[in-house]
Amino acid sequence: AGQDSAHVFELAYLNSHFQTGFTNPLDAAILADTPEPADLASYRKLAELPYDFARRLLSVVVQAESDPPLLVTKGAPEAVLQRSSRVREDHTARPIDAAEHERLARLVDGASADGFRLVAVGSRALTTDELGTPGERGTARLVEPDHVERDLTFEGLILFSDPPKEGVDDTIAELGHDGVTLKVVTGDNDLVARHVAEQVGLVVEGVLTGEEMRGLSHPALVARAKRTTIFARVDPDQKLHVIRALHDGGAVVGYLGDGINDAPSLHAADVGISVDNATDVARS
């Protein structure tokens, strides 16, 4: 079992506050629902590693007065855990051994199975030689960025509750009566997706992860897609592959999406549907 940690919330707030990428609901929730650090004004941003769908991480480097530069990383729990060598506990950091990796993985799986979306937070003090010369807007360009997000201290997890809208189960039932088969294509993991499906009465015939998709040829994906209900932990390119596989299998495909990563799939589907709070890219 875990325990609340104000330090995790402070680091997450710093990451969300200083990042300059596209606005997303998780950052908005962190900034709206976690306390602003009392010493926020003392921090300045030195560098940023924007989020991408390969790393599934977003990092900023900040510095408070005379403290050393601090890398604050947040992202998919497995991605942060993979890059962590220590874990924070009672204000101290201790090495992560195999048993601790397994314990943390069980904690993530348990919360995911309960329907929570999870973001992990890690940190590491940087040396000055890991920062490059100042670039745009006075921030530094990180030296060998692939090697900066390493040897992290796993600070903790933030859990987000995103319950389905009321009446979704009735809508799904109506779609079924009209001959529409509903499938879920998501960047979330399969445990979260399964939980949501159960909540809304969606019968799950099969699950396919992005990692499993990488080992399939297009004809094999066409065959699997027909009997798969949930496509989990997929990146934007894989979402597009799913749309094409369903189409090549003879289906007329409608796609509902709201984010920038949904734009290619929205355009590739026979019918693209964006929601009222979708990003401008998804709407265009």
Side-chain angles (χ1 to χ4, degrees), residues 1-52 55-96 100-101 103-105 107-108 111-112 116-128 130-131 137 139-140 142 145-162:
Q3 58 186 9
D4 289 344
S5 168
H7 185 59
V8 176
F9 290 127
E10 290 177 2
L11 292 174
Y13 194 103
L14 289 173
N15 182 288
S16 295
H17 175 76
F18 283 108
Q19 72 92 14
T20 58
F22 291 98
T23 302
N24 68 79
L26 298 185
D27 280 318
I30 289 171
L31 295 176
D33 298 326
T34 62
E36 178 180 308
D39 58 348
L40 180 63
S42 68
Y43 282 92
R44 63 189 181 101
K45 177 182 173 181
L46 302 181
E48 179 175 358
L49 285 172
Y51 181 88
D52 67 51
R55 291 165 34 251
R56 289 181 291 158
L57 300 171
L58 188 160
S59 295
V60 298
V61 180
V62 296
Q63 189 171 29
E65 300 176 344
S66 60
D67 291 345
L70 178 67
L71 175 78
V72 182
T73 300
K74 79 174 190 301
E78 58 269 30
V80 176
L81 185 56
Q82 183 182 23
R83 291 163 175 79
S84 298
S85 59
R86 296 175 297 170
V87 60
R88 183 79 62 191
E89 187 175 50
D90 297 330
H91 307 292
T92 61
R94 56 182 174 82
I96 296 179
E100 184 67 15
H101 265 280
R103 184 185 76 85
L104 291 171
L107 185 64
V108 169
S112 297
F116 290 102
R117 299 181 66 182
L118 278 74
V119 167
V121 180
S123 73
R124 180 168 72 88
L126 300 184
T127 59
T128 54
E130 289 180 288
L131 292 174
R137 302 176 185 175
T139 59
L142 293 176
D146 289 344
H147 300 290
V148 174
E149 293 168 330
R150 61 170 178 81
D151 197 27
L152 301 176
T153 295
F154 190 92
E155 300 286 357
L157 297 162
I158 299 179
L159 279 64
F160 298 84
S161 177
D162 187 16

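Along the sequence shown, residues are numbered consecutively beginning with 1.
Counting only distance, with no hydrogens or angles, the side chain of Arg55 and the backbone of Pro50 share a donor-acceptor pair below 3.5 Å.
Every residue two or more places apart in sequence or in another chain that forms a salt bridge (charged side-chain N to carboxylate O under 4.0 Å, His left out) with Glu100 is listed here: Arg94, Arg103. Scored by the salt bridge (charged side-chain N to carboxylate O under 4.0 Å, His left out) test, Glu78 finds Arg56, Arg233 as partners (sequence neighbours excluded).
Here the side chains of Tyr13 and Leu31 are in contact, with some heavy-atom distance below 4.5 Å. For the pair Lys45/Thr20, a side-chain contact is recorded, criterion being any heavy-atom separation below 4.5 Å from C-beta on. Contact check for Leu14 versus Val60: no side-chain heavy atoms found under the 4.5 Å cut-off. Using a 4.5 Å cut-off on side-chain heavy atoms (C-beta onward), Phe9 and Asp33 make no contact. Inter-residue side-chain proximity for Ile96 and Leu81 is flagged as met; some heavy-atom pair is nearer than 4.5 Å. At a threshold of 4.5 Å between non-hydrogen side-chain atoms, the residues Ser123 and Arg88 count as touching.
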If you apply the rule side-chain contact (heavy atoms from CB on, under 4.5 Å), what do you find for Lys74 with Ile30, and how did you get there?
CA-CA 12 Å; Lys74 79 174 190 301; Ile30 289 171; 4.1 Å; yes
Set out, in order, the CA-CA distance, both residues' side-chain angles and the distance that settles side-chain contact (heavy atoms from CB on, under 4.5 Å) for Leu107 and Leu157, then state yes or no.
CA-CA 9 Å; Leu107 185 64; Leu157 297 162; 3.9 Å; yes
Ignoring hydrogens and angles, write down the donor-acceptor pairs under 3.5 Å from the side chains of residues 66-73, residues two or more places apart or on other chains.
from	atom 1	to	atom 2	distance (Å)
Thr73	OG1	Ser59	OG	2.6

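Leu126 contributes atom CG, which lies 9.0 Å from atom CG of Leu46 (distance to the nearest 0.5 angstrom).
With Leu57 as reference, Val80 is the one residue of Val80, Leu49, Leu152 to meet the side chain to side chain contact (heavy atoms under 4.5 Å, CB included) rule.
For the pair Arg124 and Asp151, the tightest heavy-atom approach, listed with the atom from each and the gap, is CD-O, 3.3 Å.
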